[in-house]
Amino acid sequence: MENIELNFERVRAALMRQEPDRVPLAELWIDSPIKAKFLQQPIEDVVDCRKENYDVKKDIEFWSKAGYDYIHITPRYEFPKSWLSNPKAILKSSKDLNTYPWPDPEDIDYSSIIESRKYLPEGMKVIAGPQGGIYEEAWLTMGFETVMFSLVEQPDFMGEVFSRIGEFHLKMFERLAQFDHVGGLWLSDDIAYAEGLIMSPEHLRRLIFPWYERFIDVAKRHKIPFLFHSDGNLWQVMEDLIEFGINGLHPIEPKAMDVKEVKQKVGDRLCILGTVDLDYPLSRGTPDEVRKMVKERMRYIAPGGGFCIGSSNSITHYVPLENYKALIDATFEYGRYPISV
């Protein structure tokens, strides 16, 4: 693994539904304990990009040695959380809109992304985006029940909350797209669960999706790809996402959507990312079972291009290191084009 040739154009080609030289690896998040174990270093030396003591040089060392053609980094900022018993962070009705301490886009900390440019190996780039999407930021700030009840009882209020978060994210995306070493933008917003959407398609289309379109327009203007992450079953809004112009959909959660069906129905219009079941085999299976699933994904999903392989969520701290390494090794073994497994 020491002599891996990194090339972000490999990822870009896959996101544009082409066949690169091999299927790229792709993850949104990888927990710090996995990184430390992989590098055989103390956990405190390899921390999350959202943390104050983040060492971007050390993190780049991990992502590059593991074989990724990019590193995922988010800027640092905070939406104060009312559920942390913060009386100043209450956001339950329209009367709170002007007292809630909204973060200022001018205060977003881009230092890790700026610093990363010094340490990126040749061919490697950054994929960047916010820590969470519009819906995620709202429910983490207000609480899930408050958001759900407010959508019905105070729709104008929730529209204003989503708009303020959306405006904040829009300014962030506009800034991120200006860095020449940022090769793509990534929005993570879990709008679904295994059985379907968390809120109605009508609410999404009226209150949140117009912001997605504006985010994607930023990527289009800068001629860089846009990736979207949401767990769960997205079939009700799949055509919306494709029409907006997302280039890649992550992670195709197996218990929510059948990846072969996704490939058959929309694989000619967007890149599929992820797909290897986090539960089984990544967390509870064996390395051989991981290899078997990777081989299957290569056989059925990779031909024709438009595929980046990784977990069906993220590489969590409880994934056995040998299973994670099996995912990487099998990708390099079976993922060369033309696919012949």
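Values below: all heavy atoms of this structure, side chains included; hydrogens, waters and symmetry mates excluded.
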Look at the side chain of [X] and the backbone N and O of [Y], then say whether any donor-acceptor pair between them is shorter than 3.5 Å.
X      : Y      : value
His222 : Phe179 : no
Ser82  : Thr141 : yes
Asp31  : Pro33  : no
Asp96  : Ser93  : yes
Glu78  : Pro103 : no
Asn323 : Val290 : no
Tyr77  : Gln131 : yes
Ser116 : Ile113 : yes
Tyr337 : Ala302 : yes
Ser312 : Leu278 : yes

Side-chain touch [X]/[Y], heavy atoms, less than 4.5 angstrom:
X      : Y      : answer
Arg175 : Tyr110 : yes
Lys81  : Leu140 : yes
Tyr300 : Val341 : no
Ile216 : Phe228 : no
Lys88  : Pro80  : no
Gln41  : Val46  : yes
Tyr119 : Ile71  : no
Pro225 : Arg12  : yes

Using the rule that two of Ile, Leu, Val, Met, Phe, Trp, Tyr join whenever any of their side-chain heavy atoms come within less than 4.5 Å, decide whether [X] and [Y] are in one cluster.
X      : Y      : answer
Leu187 : Met238 : yes
Leu321 : Tyr280 : no
Ile134 : Leu97  : yes
Leu15  : Ile242 : yes
Met16  : Val266 : no

Distance-only side-chain donor-acceptor flag, [X] / [Y], under 3.5 Å:
X      : Y      : result
Arg291 : Tyr334 : yes
Asp109 : Ser111 : yes
Arg50  : Thr74  : no

[X] [atom1]: over 12 foreign heavy atoms closer than 6.0 Å:
X      : atom1 : value
Trp102 : CH2   : yes
Glu160 : CD    : yes
Lys292 : NZ    : no
Lys220 : NZ    : yes
Gln178 : CD    : yes

For this session: Go through the steps to decide whether Asp190 and His229 satisfy the test side-chain contact (heavy atoms from CB on, under 4.5 Å), and finish with yes or no.
Result: CA-CA 7 Å; Asp190 283 334; His229 164 96; 3.1 Å; yes
Exercise. Does Arg336 have any side-chain contact (heavy atoms from CB on, under 4.5 Å) partners at least two apart in sequence or in another chain, and if so, which?
Worked result: Asp21, Arg22, Phe332
Strictly below 4.0 Å, N to O, side chains only: are [X] and [Y] in salt-bridge contact?
X      : Y      : answer
Asp279 : Arg284 : yes
Glu239 : Arg269 : yes
Glu61  : Lys57  : no
Glu202 : Arg206 : no
Glu296 : Arg299 : no

How close do [X] and [Y] get, counting heavy atoms only, and between which atoms?
X      : Y      : answer
Lys37  : His317 : NZ-O, 4.4 Å
Ser314 : Glu27  : CA-OE1, 3.8 Å
Pro303 : Met298 : CD-O, 3.1 Å
Glu19  : Gly304 : OE2-N, 2.8 Å
Leu6   : Asp69  : CA-OD1, 3.4 Å
Val161 : Ala138 : CG1-CB, 4.4 Å

Exercise. Honestly, is Arg76 close enough over Tyr54, meaning NZ or CZ under 6.0 Å from the six-membered ring centre and within 45° of the axis?
Worked result: no
For this session: Take Leu204 and Tyr135, measure what side-chain contact (heavy atoms from CB on, under 4.5 Å) needs, and give me the verdict at the end.
Result: CA-CA 9 Å; Leu204 287 168; Tyr135 164 71; 5.9 Å; no
Exercise. Only one of Tyr212, Phe244, Phe173, Phe215 clears ring-ring contact (aromatic ring centres under 6.0 Å, His included) with Phe226; which?
Worked result: Phe173
For this session: Identify which one of Tyr70, Trp29, Phe8 satisfies the ring-ring contact (aromatic ring centres under 6.0 Å, His included) criterion when paired with Trp63.
Result: Tyr70
Exercise. Would Trp186 and His72 count as a close aromatic pair, with their ring centres under 6.0 Å?
Worked result: yes
